Amino acid sequence: MKFLHLDELAELNNGQAQPAQFAVIGNPVAHSLSPQLHQPALDTLKLNCRYVRVEVPEGRVAEAFEKMHQAGILGINVTVPHKLEALEACDTVNRGAQLMGAVNTIVFDTEGQTTGFNTDGPGFVRAIREDFGVDLADLRVAIIGAGGGAGRAIATQCCLEDCPQLVLANRTVSKLDEMRHILDPLLQGDKLEGPGDRLQIYALGDPALAEAVENCELIINTTSIGLKAADPSPLDQALIEPHHLVYDTIYNPAKTRLLKAAESRGARIANGLSLLLHQGALSLEYWTQQDAPIEAMREGLSQI
Ligand code: ATR
């Protein structure tokens with residue numbers, strides 16, 4: 001799929017009837033689905049502009065911001081591996097993004113000053129409401145892979161929502177020990193009725209994880225296990241019960257081994273397409289200050 005290099009930006013909007021005003025940066029960036037999501041939305045809002053992919057090498061994100069502002073870009077999405085570098089390069093970062101340690105959305109002001117946001121966490125709240133008809137704030141939540149980028153954003157959002165209980169599991173448990181210092185202070189109060197700490201941390205494979213997961217309503221996979229057809233389930237499927245809501249942040253394949261197992265055990269399931277949709281919708285709302293045309297964006301994603 002088409003993309004631009006950072007060094008091609010100076011020419012970006014020369015003589016273009018429809019200027020590029022929004023972009024995604026990443027490395028690689030060719031696979032990004034953001035244009036499929038955002039171009040139909042920009043067209044529906046009649047903003048007469050394009051959304052482009054720009055490949056930015058690591059270490060050049062601040063330079064990219066400057067060049068993009070000069071080329072007439074108004075807002076950016078940030079994808080792997082630039083979410084931390086983007087946070088460091090922003091003039092202002094909102095509180096949620098700071099706590100998540102990652103920025104995925106940038107808004108430029110007219111002087112080129114940058115404000116960074118993270119829409120993955122808030123987008124997940126909307127995704128859960130859409131898929132399961134419930135508020136994340138009311139759920140006891142288990143996150144498998146909480147030490148990865150998506151896992152940390154969702155875990156932080158659960159704390160900001162004041163979820164009654166949060167069970168975090170990761171292969172590398174030291175990553176969660178680091179997160180505990182940030183998350184623990186967010187979960188002060190006594191919202192949890194019943195035994196156990198509000199924030200619980202486990203190594204993936206710890207036998208004690210079984211009971212902790214059983215007590216949760218929502219189980220989320222944020223590991224990359226499931227992207228390949230041969231991948232196993234990231235969680236022993238015997239732990240999944242009919243009362244569980246099971247969300248896999250992976251959307252390709254649409255039904256991972258985890259989701260198939262959860263379905264066969266009578267649990268309700270959803271995949272990461274709704275997160276992709278709603279994090280994008282929130283970015284667009286930051287850029288345009290208008291409600292996102294969700295159905296146009298959903299339709300765009302259905303073309304993939
Ligand atoms: P990021 O999201 O930060 O880019 P990633 O390498 O894609 O990171 O990994 C995302 C998550 O999948 C992490 O929680 C990672 O566990 P570690 O923190 O221990 O690396 C998890 N993950 C990836 N492969 C895994 C595997 N084979 N077994 C268990 N967890 C795995």
Side-chain angles (χ1 to χ4, degrees), residues 24-34 55-59 61 77-88 96-105 116 118-121 123-124 127 141-159 166-183 199-210 212-213 216 218-237 239-240 246-253 256-259 261 271-273 275-276 279:
V24 55
I25 62 169
N27 189 17
V29 77
H31 66 281
S32 169
L33 297 177
S34 292
E55 189 176 274
V56 175
E58 280 175 74
V61 170
N77 281 133
V78 182
T79 188
V80 177
H82 294 322
K83 292 186 182 187
L84 174 60
E85 197 182 330
L87 182 151
E88 289 164 348
Q98 253 163 23
L99 292 167
M100 291 167 198
V103 154
N104 77 338
T105 303
N118 190 314
T119 64
D120 288 330
F124 186 70
V141 182
I143 305 177
I144 310 303
R152 178 168 170 181
I154 291 172
T156 307
Q157 191 67 37
C158 289
C159 294
L166 195 51
V167 171
L168 305 183
N170 207 52
R171 174 178 61 182
T172 314
V173 79
S174 58
K175 291 189 190 171
L176 301 183
D177 291 329
E178 285 165 29
M179 282 166 59
R180 184 192 283 280
H181 302 297
I182 296 165
L183 300 186
L199 179 63
Q200 302 186 11
I201 284 176
Y202 297 90
L204 209 55
D206 180 339
L209 181 60
V213 167
C216 290
L218 175 64
I219 300 171
I220 310 159
N221 173 45
T222 58
T223 74
S224 44
I225 306 172
L227 282 172
K228 297 194 212 97
D231 281 351
S233 169
L235 185 69
D236 179 359
Q237 68 179 68
L239 301 183
I240 301 170
V246 181
Y247 191 97
D248 201 324
T249 52
I250 294 172
Y251 51 82
N252 186 14
T256 56
R257 200 172 290 256
L258 171 70
L259 291 187
N271 74 20
L273 218 48
L275 174 56
L276 180 64
Q279 61 78 32

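Not measured: the values here are computed from a predicted model. Residue indices begin at 1 and follow the sequence shown. Just so you know, ligand 1 is whichever comes first in the structure, and atom 1 is the first atom listed for that ligand.
- Of the protein's heavy atoms, N170 OD1, 2.6 Å lies nearest to atom 14 (O) of ligand 1.
- The heavy atom nearest to atom 24 (N) of ligand 1, out of those in S174, S224, A153, is found in S224.
- Residues T79 and N104 have side chains not in contact (no heavy-atom distance under 4.5 Å, counting atoms from C-beta outward).
- By the definition of a contact as any protein heavy atom under 4.0 Å away, atom 30 (N) of ligand 1 is in contact.
- Inside a 4.0 Å radius of atom 6 (O) of ligand 1 there is not any protein heavy atom.
- Distances from atom 27 (N) of ligand 1 to the heavy atoms of R171, R152, K83 put R171 nearest.
- Each of L273, T223, T256 was scored for a side chain to side chain contact (heavy atoms under 4.5 Å, CB included) with I250, with one residue passing: T256.
- Nearest non-hydrogen protein atom to atom 28 (N) of ligand 1 is I225 CD1, 3.3 Å.
- Of the protein's non-hydrogen atoms, T172 OG1, 2.5 Å is the one closest to atom 19 (O) of ligand 1.
- What sits closest to atom 8 (O) of ligand 1 on the protein, heavy atoms only, is G148 CA, 4.3 Å.
- Residue G149 has at least one heavy-atom neighbour below 4.0 Å for each of these atoms of ligand 1: 1 (P), 2 (O), 3 (O).
- Taking each of L227, T223, I144, T222 in turn, the one with a heavy atom nearest to atom 21 (C) of ligand 1 proves to be T223.
- Distance check: L258 CG to D248 CG gives 5.0 Å after rounding to the nearest 0.5 Å.
- Within the 4.5 Å cutoff, the side chain of D231 has no heavy atoms near those of the R257 side chain.
- Note: no N/O pair closer than 3.5 Å links L204 and ligand 1 by distance alone.
- Contact detail for L239 and A210: the closest heavy-atom pair is CD2-CB, 3.4 Å.
- Considering only heavy atoms from C-beta on, Y251 comes within 4.5 Å of L33 through its side chain.
- Side-chain atoms of T172 and N170 form no donor-acceptor pair, as typed in the model, at a separation below 3.5 Å.
- Counting only heavy atoms from C-beta outward, the side chains of V56 and H82 approach each other to under 4.5 Å.
- Residue contact check: G145 has heavy atoms under 4.0 Å from atoms 14 (O) of ligand 1.
- Atom CG of L199 sits about 5.5 Å away from atom CG of L166, to the nearest 0.5 Å.
- Near K175, meaning under 4.0 Å from one of its heavy atoms, ligand 1 places the atoms 17 (P), 18 (O), 20 (O).
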